[in-house]
Amino acid sequence: MSATARLHGTGRREIERPSGGGAPSALPIEVVHVSRSFDRELVLNDISLDVEPGHVRALLGPNGAGKTTLLRILSGLAAPDSGSVRVGGLDPLVHDRVVRRRLGLVPSGDRTFYERLSGLENLVFFARLHGMRRRDALARAREVLEQVELRDAARRAVRTYSHGMQKRLSVARALLTRPSVFLVDEATHDLDPAAARNVMDTIRAFCDEGAAVVWATQRIDEIRGFADRVTLLSRGNVRFSGTVPDLMSHAAPRRFLLRLRNGRPAGALDDRIERALGGRGSIASAAGASSGHYTMNLRDGVVLGDALAALAGAGIQVLACREERSEIEEAFLSLMREDAP
């Protein structure tokens, strides 16, 4: 990290901010009433958020929501029309060199590596751009390649890397300066589940040592168990800001697709199902009674296992059960519908 980390009794490391840069109590990331327009189109509208050390703030939203624009402003690559941003208490436009060393950026669709060079050679090159001496650059490059599990591929040309390996190389480059802040833009886009989990685990490990992370994504379900807080953007506006459980509270009733073993008249089976569920939810035939497929909506707070046990207790055999959408996806879609013109 760009600052010394000390271990507290909780087991989580906290970043000690270096002297001489920003107020000692400054948060790693602060966004205050930021707005930005392009060609008279409002891209960000009065956005405010902050991130504490050791926390992940998920920046969730569809294409065009303003996620990448906000990350560009935080990294000093763009200026807000109004409002302010601070990274460790510093304005990234004014203190660009200091902020650059504190900040690790993992861009979306990263095409800035030299594909004929090896992963190691690329990282040494970028470390040298940060002002490291060659010996230090080489040592640090090897260290971060080990951290992202690319040591065995260190001397291979980047053009031979899989997409997931190139994404991990982007993470390795972000680690070169031991940053206290990570800005990650669509890091898992078009990665397979194993590669996506590897990238997330790497970032989360450094977060657990005290780094602050802004994680921009469209992949709704990946924030469960990963993000500490969520900001949902839609057309440049904050539609939601809070914890993941708070986000899930906006979900519509959960919907499940059931396949039942029938063998008696449809109406009689439907009545038995409704009586078995009681006040837990409702059920309806999904594709005609003869198919045995039903959709079941459960009320908020009802445990799926309890509903299935109630059906089994009434002698109704459930052959298969599948959730049509996750609670997070339902909440996301519900909030998007509220924002529709």
Side-chain angles (χ1 to χ4, degrees), residues 1-8 11-18 21 28-29 51 53-56 75 87-88 97-107 110-185 187-188 191 194-215 226:
M1 302 287 170
S2 62
T4 305
R6 64 175 183 268
L7 191 63
H8 284 251
R12 170 169 283 179
R13 294 183 181 181
E14 182 179 289
I15 294 297
E16 292 181 356
R17 296 172 187 82
I29 299 173
V51 188
H55 285 74
V56 174
S75 60
V87 176
R97 290 189 178 182
V98 177
V99 169
R100 208 171 292 146
R101 287 191 62 84
R102 295 182 180 182
L103 187 151
L105 176 64
V106 182
D110 192 354
R111 298 185 182 275
T112 56
F113 290 110
Y114 296 93
E115 294 196 343
R116 294 187 178 184
L117 298 181
S118 69
L120 180 63
E121 290 168 332
N122 268 278
L123 293 186
V124 169
F125 171 77
F126 286 109
R128 296 279 285 162
L129 288 182
H130 281 294
M132 295 185 195
R133 293 179 300 179
R134 179 166 182 79
R135 178 182 296 178
D136 295 337
L138 183 59
R140 182 60 182 156
R142 287 172 173 161
E143 185 179 356
V144 296
L145 284 167
E146 176 80 28
Q147 289 172 325
V148 300
E149 300 181 2
L150 285 176
R151 182 186 63 178
D152 293 342
R155 298 193 177 278
R156 283 172 46 189
V158 169
R159 66 168 179 251
T160 70
Y161 283 18
S162 68
H163 188 61
M165 292 170 69
Q166 289 190 29
K167 185 61 70 173
R168 279 187 278 156
L169 190 63
S170 290
V171 174
R173 182 174 59 187
L175 296 172
L176 283 171
T177 59
R178 297 179 174 86
S180 56
V181 170
F182 285 93
L183 305 179
V184 188
D185 192 7
T188 60
L191 291 184
R197 175 50 57 185
N198 185 290
V199 170
M200 293 173 67
D201 287 347
T202 300
I203 294 295
R204 185 73 235 192
F206 284 93
C207 179
D208 289 343
E209 291 185 352
V213 179
V214 176
W215 180 274
F226 177 71

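What you are looking at is a predicted structure, and each value in this text was computed from that prediction instead of being measured.
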Derivation and outcome, side-chain contact (heavy atoms from CB on, under 4.5 Å), residues V171 and V184
CA-CA 9 Å; V171 174; V184 188; over 6 Å; no
Specify whether F206 and F182 have parallel, tilted or perpendicular ring planes, treating 30° as the upper limit for parallel and 60° as the lower limit for perpendicular.
tilted
Is the backbone of R168 close enough, under 3.5 Å, to the side chain of Y161 for a donor and an acceptor to pair up by distance?
no
Have a look at K167 and tell me which of T188, V199, V148 forms a side chain to side chain contact (heavy atoms under 4.5 Å, CB included) with it.
V199
Between atom OG1 of T112 and atom CG of L169, what is the distance when rounded to the nearest 0.5 Å?
9.0 Å
Separation between CG of L150 and CD of Q166, rounded to the nearest 0.5 Å
10.5 Å
Determine whether more than 12 heavy atoms belonging to other residues, nucleotides or ligands lie under 6.0 Å from atom CZ of R155.
no
How long is the gap from CZ on R142 to CG on L123, to the nearest 0.5 Å?
12.0 Å
Looking at every heavy atom in both A174 and V106, which two are closest together, and how far apart are they?
CB-CG2, 3.8 Å
Side-chain donor/acceptor of H130 to backbone N/O of R128, under 3.5 Å:
no
Do the non-hydrogen side-chain atoms of W215 and M200 ever get within less than 4.5 Å of each other?
yes
Note, V213 side chain near V51 side chain (heavy atom, < 4.5 Å)
no
Given R173 and V144, is the side-chain contact (heavy atoms from CB on, under 4.5 Å) satisfied, shown in steps?
CA-CA 8 Å; R173 182 174 59 187; V144 296; over 6 Å; no
Which heavy-atom pair separates A212 from P28 by the least distance, and what is that distance?
CB-CB, 3.5 Å
Please confirm whether the backbone N or O of L175 pairs with a side-chain atom of R140, one donor and one acceptor, at under 3.5 Å?
yes
Please report the closest heavy-atom contact between S75 and L103, naming both atoms and the distance.
CA-CD1, 4.0 Å
With rounding to the nearest 0.5 angstrom, report the CE to CG distance, M132 to L138.
11.5 Å
Say you draw a straight line from CD of E115 to CG of L117; how long is it, rounded to the nearest 0.5 Å?
10.0 Å
Heavy atoms of L105 and P107 approach each other most closely as O-CD, 3.5 Å
At what distance, to the nearest 0.5 angstrom, does CZ of R102 lie from OG1 of T177?
11.0 Å
